[in-house]
Amino acid sequence: MAANPAAGVKARQAVMRLCAHATGPELDHVLSALAPLPVHVALRPAATGLVMLQGRVGGDGGAFNLGEASTSRATVRLENGPIGFAYHLGRDRTKASAAALIDALWQDEPRRDAVERALRPVAARLSADAEVSARQTAATRVNFFTMVRGED
């Protein structure tokens, strides 16, 4: 890992975020770019379950249970030790398995650069999507300070 443990945690979170927002075919493409894959074992085979979603009244009030959401999770260990985890909203167990394997591969120091290179198209797509969303939001913004005030 990096000399600064906090930087290593942030970098891993960034990779896990990319995996969480990637589509199944994008994750398959990442894994094919990283072939040949090392021997790995599913410590926790991909499974789908439910998680409780909580909300707060007014954003800062007491928490309440809003409802449940389907979640898929997986845990994978590479033969040389790194363990990868993935939790994804939805029922796509294949995506959860792929994301867990990518997380484990990223933790394997010699493979880290290759994993980050393979994830660049996903990062570019997410960045482009965010720009489109920001432009669409900006088009609906109202600046109340520029509105004409009537002086009586």
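- Under the 4.5 Å side-chain criterion, counting only non-hydrogen atoms from C-beta, Q13 is in contact with V9.
- Between the side chain of K95 and the backbone N or O of A20 there is at least one donor-acceptor pair closer than 3.5 Å.
- Here the shortest heavy-atom pairing between Y87 and T71 reads CD2-CG2, 4.2 Å.
- Side-chain contact check for T48 and S72: at least one donor-acceptor pair (N or O, by modelled atom type) lies under 3.5 Å.
- Residues F64 and Q54 have side chains not in contact (no heavy-atom distance under 4.5 Å, counting atoms from C-beta outward).
- Grouping the Ile, Leu, Val, Met, Phe, Trp and Tyr side chains by contacts below 4.5 angstrom, directly or via other members, places L18 apart from L89.
- In the hydrophobic cluster analysis, where Ile, Leu, Val, Met, Phe, Trp and Tyr join through side-chain heavy atoms closer than 4.5 angstrom, W106 is grouped together with L126.
- At a threshold of 4.5 Å between non-hydrogen side-chain atoms, the residues P45 and R93 do not count as touching.
- Taken from CD in E131 to CD in Q136, the straight-line distance is 12.0 Å, to the nearest 0.5 Å.
- Between the side chain of S32 and the backbone N or O of H29, at least one donor-acceptor pair lies under 3.5 Å.
- L43 and I102 end up in different hydrophobic clusters when Ile, Leu, Val, Met, Phe, Trp and Tyr side chains are linked at under 4.5 Å.
- At distances below 3.5 Å, not a single donor-acceptor pair connects side-chain atoms of S127 with backbone N or O atoms of A123.
- With hydrogens and angles disregarded, a donor-acceptor distance shorter than 3.5 Å links the side chain of D92 to the backbone of T94.
- Under the 4.5 Å side-chain heavy-atom criterion for ILVMFWY residues, a single connected hydrophobic cluster contains both L53 and V57.
- Using a 4.5 Å cut-off on side-chain heavy atoms (C-beta onward), P38 and N80 make no contact.
- Contact record, A86 with A99: CB-CB, 3.6 Å, taken as the closest heavy-atom pair.
- In the hydrophobic clustering of ILVMFWY residues, with side-chain heavy atoms under 4.5 Å counting as a link, V76 and M16 come out apart.
- Counting only heavy atoms from C-beta outward, the side chains of S70 and L50 approach each other to under 4.5 Å.
- In this structure, Q107 contributes its side chain and I83 its backbone to a donor-acceptor pair below 3.5 Å.
- Counting heavy atoms from C-beta outward, L37 and L105 have side chains that approach closer than 4.5 Å.
- Under the 4.0 Å criterion applied to side-chain N and carboxylate O atoms, R111 and D108 are assigned as salt-bridge partners.
- You'll find the side chain of L27 stays beyond 4.5 Å of the side chain of L31, heavy atoms only.
- Applying the 6.0 Å contact sphere to CZ of R125 captures more than 12 heavy atoms from other residues, nucleotides or ligands.
- A donor-acceptor pair is defined here as one N or O able to donate and one able to accept, closer than 3.5 Å; such a pair exists between the side chain of E26 and the backbone of T23.
- Scanning both residues, R56 and D60, for their nearest heavy atoms gives CB-N, 4.3 Å.
- Proximity of R44 to R73: side-chain heavy atoms (C-beta onward) are separated by under 4.5 Å at one or more points.
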